[in-house]
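Taking it in order: structure first as structure tokens, then the write-up.
This chain uses plain numbering: 1 for the first residue, then up along the sequence.
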Amino acid sequence: MINFFQMFGRGWLEVFERLGRAHLFLFQLIGALPSLFGRWGLLVKQLHSTGVMTLLIILVSGLFVGMVLALQGYNSLVRFSAEEALGQFVALVLFRELAPVLTALLFAGRAGSAMTSEIGLMKATEQLAGLEMMAVDPYKRVFAPRFLAGFLAVPALAAMFGAVAILGGHLVGVEMLGVDAGAYWSQMKSEVSFTHDVLSGLFKALVFGFVICWIAIFEGADCVPTSEGVSGATTRTVVYSSLAVLGLDFVLTALMF
């Protein structure tokens with residue numbers, strides 16, 4: 001019994017110790033962000049790596065999510081003779097929930113894991129130590145550009161996800177199922193609030209991007225510098241980011257709506 005409590009307490013001490021290291025890492029990371037002013041090339045390069053290279057999967061996923069959402073919404077609304085409200089239904093579900101959440105999950109799986117593996121490989125091959133030996137701060141040169149690029153990319157990708165998904169909903173609802181196009185767009189325009197619905201979804205995406213990039217970069221920088229350590233850090237990034245996104249989505253939804 002004593003050994004059980006020792007193992008239990010040791011496990012929680014390790015968890016809190018790692019959380020403390022993660023927060024100290026975050027403070028140093030935020031402190032390095034002002035160094036990017038005047039060094040826009042680093043930021044643009046990472047925006048291409050994290051944002052542009054993730055765009056294809058975001059657009060394709062958004063298109064099919066919008067099509068499926070319109071099909072399911074039509075089958076439910078037609079029972080109540082309310083199929084004209086399909087545009088409102090699709091837009092509200094997308095902007096409030098699906099666009100930010102699914103974008104964040106896809107971003108964590110594609111860009112977040114890539115950040116962790118790249119930084120972990122740099123640590124395993126002692127590239128980060130080499131930068132420090134040359135008096136180059138890894139926080140300013142490696143970590144901060146990736147953090148800020150991901151933070152800015154997620155809301156932009158979420159907006160594109162929502163726009164393409166609405167077009168996918170129009171394709172199924174109007175072109176295939178015969179919903180009136182005027183009703184589809186007019187209901188959406190009259191019932192969807194830009195400040196309350198659209199901006200709340202973009203705010204969620206900002207929070208998700210912040211957390212995902214923090215987890216991804218910290219896991220890469222804190223991993224054991226071996227092939228197993230890098231692969232384990234990459235796995236933890238996807239798992240922790242996904243759980244954080246889903247948990248934060250509930251908290252933010254409860255506070256906003």
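Looking at Trp185, its side chain never comes within 3.5 Å of a backbone N or O of His170 through a donor-acceptor pair. With hydrogens and angles disregarded, no donor-acceptor distance shorter than 3.5 Å links the side chain of Ser241 to the backbone of Val238. Checking side-chain atoms of Ser49 against main-chain N and O of Lys45 turns up no donor-acceptor pair under 3.5 Å. Side chain of His23 to backbone of Leu19: a donor-acceptor contact under 3.5 angstrom is found. In this structure, the side chain of Ser113 engages the main chain of Arg110 through a donor-acceptor pair within 3.5 Å. A distance-only check finds no donor-acceptor pair linking the side chain of Thr103 to the backbone of Pro100 [under 3.5 Å].
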Salt bridge (charged side-chain N to carboxylate O under 4.0 Å, His left out) between Glu132 and Arg141, intermediate numbers included: CA-CA 10 Å; Glu132 293 178 344; Arg141 182 64 178 81; over 6 Å; no

Would you please test Phe210 and Leu26 for side-chain contact (heavy atoms from CB on, under 4.5 Å) and show each step? CA-CA 10 Å; Phe210 181 93; Leu26 177 63; 3.8 Å; yes

Do Ile57 and Thr54 pass the side-chain contact (heavy atoms from CB on, under 4.5 Å) test, and can you show the C-alpha distance, the side-chain angles, and the key distance before you say yes or no? CA-CA 6 Å; Ile57 189 175; Thr54 314; 4.0 Å; yes

Please report the C-alpha distance between Leu106 and Ser61 in whole Å, then the side-chain angles of each, then the deciding distance to 0.1 Å, and finally whether the side-chain contact (heavy atoms from CB on, under 4.5 Å) criterion is met. CA-CA 9 Å; Leu106 292 170; Ser61 301; 3.6 Å; yes

side-chain contact (heavy atoms from CB on, under 4.5 Å), that's the test. Do Glu84 and Asp180 meet it? Break it down for me. CA-CA 7 Å; Glu84 292 82 6; Asp180 182 70; 5.6 Å; no

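Nearest heavy-atom pair, Ala124 versus Pro225, reported as atom, atom and distance to 0.1 Å: CA-CB, 3.7 Å. Nearest heavy atom pair, residue Lys140 against residue Pro145, reads O-CD, 3.5 Å. Here the closest heavy-atom approach between residue Gly120 and residue Cys223 is recorded as CA-SG, 3.7 Å. Looking at every heavy atom in both residues, Val211 comes nearest to Ala244 through CG1-CB, 3.8 Å. Taking all atoms of both residues into account, the shortest heavy-atom contact from Leu43 to Ala149 is CD1-N, 3.7 Å. Shortest non-hydrogen contact noted between Leu94 and Val65 is CD2-CG1, 4.3 Å.
The hydrophobic clustering, which links ILVMFWY residues whose side-chain heavy atoms are closer than 4.5 Å, places Leu59 and Met53 apart. When the side chains of ILVMFWY residues are joined at heavy-atom separations under 4.5 Å, either directly or via intervening members, Val239 and Trp214 end up in a single hydrophobic cluster. Note on Leu56: it clusters hydrophobically with Leu63, by side-chain heavy-atom contacts below 4.5 Å among ILVMFWY residues. Linking ILVMFWY residues whenever their side-chain heavy atoms come closer than 4.5 Å, directly or via other members, leaves Val68 and Val172 in distinct clusters. There is no path of hydrophobic side-chain contacts, each under 4.5 Å, that joins Phe80 to Val90.
Side-chain contact between Arg146 and Ile119 is present, with at least one heavy-atom pair separated by less than 4.5 Å. Leu202 has its side chain within reach of Leu199: a pair of non-hydrogen atoms, C-beta onward, lies under 4.5 Å apart. When side chains are defined from C-beta on, Val142 counts as touching Leu131, because their heavy atoms get closer than 4.5 Å. Considering only heavy atoms from C-beta on, Phe95 comes within 4.5 Å of Ile166 through its side chain. Under the 4.5 Å side-chain criterion, counting only non-hydrogen atoms from C-beta, Met188 is not in contact with Gln88. At least one side-chain heavy atom of Asp249 sits under 4.5 Å from a side-chain heavy atom of Thr253. For the pair Ile212 and Phe151, the minimum side-chain heavy-atom distance is 4.5 Å or more. Cys213 places a side-chain heavy atom less than 4.5 Å from the side chain of Phe107.
When the ring-ring contact (aromatic ring centres under 6.0 Å, His included) test is applied to Phe37, the partners found at least two apart in sequence or on another chain are Trp40. With sequence neighbours left out, the ring-ring contact (aromatic ring centres under 6.0 Å, His included) criterion links Phe218 to Phe25. Residues passing the salt bridge (charged side-chain N to carboxylate O under 4.0 Å, His left out) test with Glu175, sequence neighbours excluded: none.
Ionic pairing of Lys123 and Asp222 is not present here: no N-O contact between side-chain nitrogen and carboxylate oxygen is shorter than 4.0 angstrom.
Note: Thr50 OG1 to Leu55 CG = 11.5 Å, rounded to the nearest 0.5 Å. The CG atom of Leu148 sits 7.5 Å away from atom CG of Leu47, with the distance rounded to the nearest 0.5 Å. Taking CE of Met176 as the reference point, atom CE of Met67 lies at 6.5 Å (rounded to 0.5 Å). For the atom pair CG (Leu128) and CG (Leu121), the distance works out to 10.0 Å, reported to the nearest 0.5 Å. The line from CZ of Phe203 to CE of Met256 is 5.0 Å long, rounded to the nearest 0.5 Å. We find the NZ-CG distance between Lys204 and Leu206 to be 13.0 Å, quoted to the nearest 0.5 Å.
Between the side chains of Thr226 and Glu228, no donor N or O sits under 3.5 Å from an acceptor N or O.
Of the residues Leu98, Leu92, Val93, the one that meets the side chain to side chain contact (heavy atoms under 4.5 Å, CB included) test with Arg96 is Leu92. The only option from Leu152, Ile217, Leu36 that meets the side chain to side chain contact (heavy atoms under 4.5 Å, CB included) definition with Phe147 turns out to be Ile217.
In this pair, Phe143 and Tyr139 present their aromatic rings perpendicular. The plane angle is above 60°, beyond the 30 to 60° band.
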